[in-house]
2 protein chains.
Amino acid sequence: MSNLGIGQLAKRAGVAIDTVRYYERNNLLSPSTRLASGYRRYGDAELKRLRFIRRAKALGFTLEDIRGLLSLSNERSVAKVKQAAEAKLADVEHRIEELERIRDGLRTLVKACPGHGRAEACPILNSLNAEDVP
Amino acid sequence: MSNLGIGQLAKRAGVAIDTVRYYERNNLLSPSTRLASGYRRYGDAELKRLRFIRRAKALGFTLEDIRGLLSLSNERSVAKVKQAAEAKLADVEHRIEELERIRDGLRTLVKACPGHGRAEACPILNSLNAEDVP
DNA sequence: CTTGACTCTAGACCATGGTCCAGACTTTAG
DNA sequence: CTAAAGTCTGGACCATGGTCTAGAGTCAAG
């Protein structure tokens, strides 16, 4: 079992030292112990936990979401964890659909635009000025 | 052509009054005129523009992105407009790809999770706890 | 033991995207 | 005309997720 200082921990997890302390202030991660000097010491559990946080963040969870996930893992409430992941999945899928609509719109405009001539002939400009639905 | 006060405009676009003024401070939207009293007056063009901003924001564009999108319509060079639209298209495509990776990760985890039992059996928690390289 | 690297705390600062407030003035309905 | 509702400005304040600094103390190698 490794016994890491904050710098080593941060390096191994791929985050900044300040971020580790920031997470501590925000109740996401505490050192397993402190030296008499006050230096933080971390073990494998904390390294895992920090990597958990980093990954969950990469998956689009906010720090608050992650606090929730971490506390669920203590409660051993697998159903709730799955629910949270499903909700986040639905959210991500929704955002993809919206972006795909935008992408298709942009593609159509780019294809239709001659790239020269008068502004009134540019479908991109005309589209931005179009009438929208409330 | 409607001639709206800031409250009416905000209401019709579905945003708060303060948000309208905030957008003005940040060069996203100006009133078409002001009354002698200083009261802002908006026309249809501003209402459209504000709705455009709202929708673009809902799609995950930052206000700076939106400033860029909106400035396309001021651009007199059709070639530049087309270029900017192409850049934004590439940007959108990139964002879609990132979200798709996130989506696939979440899907895999959700499928693999039984939704009950001990935490140690939950692949969502286990995956986030996995020991991979930073 | 000394020196350089590391860590401590508290608090300031950053960007983003708002949101709210006070105190004064304007507009509008009755 | 009066009162209520709306708007004005400037500045303070909020949450999120950090990032940086100062000044002091600690640890580890030579």
Side-chain angles (χ1 to χ4, degrees), chain A residues 2-43 46-47 49-70 88 91 95, chain B residues 2-43 46-47 49-70 91 95 98 102 134:
Chain A
S2 44
N3 192 15
L4 307 162
I6 192 169
Q8 293 299 311
L9 178 82
K11 196 168 191 175
R12 291 212 193 182
V15 303
I17 286 183
D18 281 336
T19 303
V20 176
R21 287 194 277 246
Y22 173 76
Y23 287 166
E24 184 174 343
R25 277 200 297 290
N26 288 277
N27 307 310
L28 283 158
L29 179 75
S30 308
S32 51
T33 65
R34 295 254 191 167
L35 300 182
S37 60
Y39 278 34
R40 295 164 177 83
R41 287 282 127 178
Y42 301 91
E46 287 73 37
L47 179 55
R49 193 174 168 106
L50 182 50
R51 285 177 170 159
F52 177 109
I53 294 167
R54 219 201 42 169
R55 273 191 199 80
K57 214 162 53 64
L59 288 176
F61 290 96
T62 65
L63 295 188
E64 182 159 2
D65 288 338
I66 296 169
R67 253 192 302 276
L69 285 174
L70 288 166
K88 189 54 69 174
D91 184 50
R95 292 168 66 160
Chain B
S2 44
N3 191 16
L4 307 162
I6 191 169
Q8 293 299 312
L9 178 83
K11 197 168 191 178
R12 290 213 194 181
V15 303
I17 286 184
D18 280 338
T19 303
V20 176
R21 287 195 277 247
Y22 173 76
Y23 288 167
E24 184 174 342
R25 278 202 295 291
N26 288 277
N27 306 310
L28 283 159
L29 179 75
S30 308
S32 51
T33 65
R34 295 255 190 165
L35 300 181
S37 62
Y39 277 32
R40 295 163 177 85
R41 287 282 127 180
Y42 301 90
E46 287 73 37
L47 179 56
R49 194 175 167 106
L50 182 50
R51 284 176 172 158
F52 179 93
I53 294 168
R54 215 200 43 172
R55 281 199 320 284
K57 206 165 57 64
L59 290 175
F61 288 96
T62 66
L63 296 189
E64 183 160 2
D65 286 339
I66 296 171
R67 252 192 302 277
L69 286 172
L70 288 168
D91 187 49
R95 294 168 68 153
E98 283 185 332
I102 289 169

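In what follows, every heavy atom counts, from backbone to side chain, and hydrogens, waters and symmetry copies are set aside. Below, chain A is the first sequence line, B the second, and so on; all start at residue 1. Please read these numbers as outputs of a predicted model, since none were measured by experiment.
- In this structure, B:Ile53 and B:Leu70 have side chains that are in contact, with non-hydrogen atoms separated by less than 4.5 Å.
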Problem - Protein-to-nucleotide contact annotation, 5' to 3' order, nucleotides 12-19 of chain D [B base; S sugar-phosphate only; - none; under 4.0 Å, heavy atom] - result: ----SBBB
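- For B:Lys11, there are no side chain to side chain contact (heavy atoms under 4.5 Å, CB included) partners two or more places apart in sequence or in a different chain.
- With contacts defined as side-chain heavy-atom distances shorter than 4.5 Å, the pair B:Val20/B:Leu9 qualifies.
- B:Ser30 meets the side chain to side chain contact (heavy atoms under 4.5 Å, CB included) test with no other residue; sequence neighbours excluded.
- The phosphate of C:dC8 has OP1 or OP2 within less than 4.0 Å of a side-chain N or O from A:Arg21.
- Put simply, the side chain of B:Arg54 gets close to the backbone of B:Ala13: a donor and an acceptor are under 3.5 Å apart.
- Take A:Glu24 and apply the side chain to side chain contact (heavy atoms under 4.5 Å, CB included) test, not counting sequence neighbours, and it matches A:Pro31, A:Arg34, A:Arg40, A:Tyr42.
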Handout entry: Sequence-aligned protein contact record of nucleotides 25-30 of chain C, with B where the base is within under 4.0 Å of a protein heavy atom and S where only the sugar-phosphate is
Key = -BS---
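- One can place CD1 of A:Ile17 at 12 Å from P of D:dC20, the figure rounded to the nearest angstrom.
- As rounded to whole Å, 15 Å separates atom C1' of D:dA5 from atom CD1 of B:Ile6.
- In terms of phosphate contacts, B:Arg40 brings a side-chain nitrogen or oxygen within less than 4.0 Å of OP1 or OP2 of D:dC8.
- Remark: P of C:dC6 and OH of A:Tyr42 are 16 Å apart, rounded to the nearest angstrom.
- Side chains of A:Ile6 and A:Tyr39 form no contact here, defined as non-hydrogen atoms less than 4.5 Å apart.
- Partners of A:Arg41 under the salt bridge (charged side-chain N to carboxylate O under 4.0 Å, His left out) rule, at least two apart in sequence or in another chain, do not exist in this structure.
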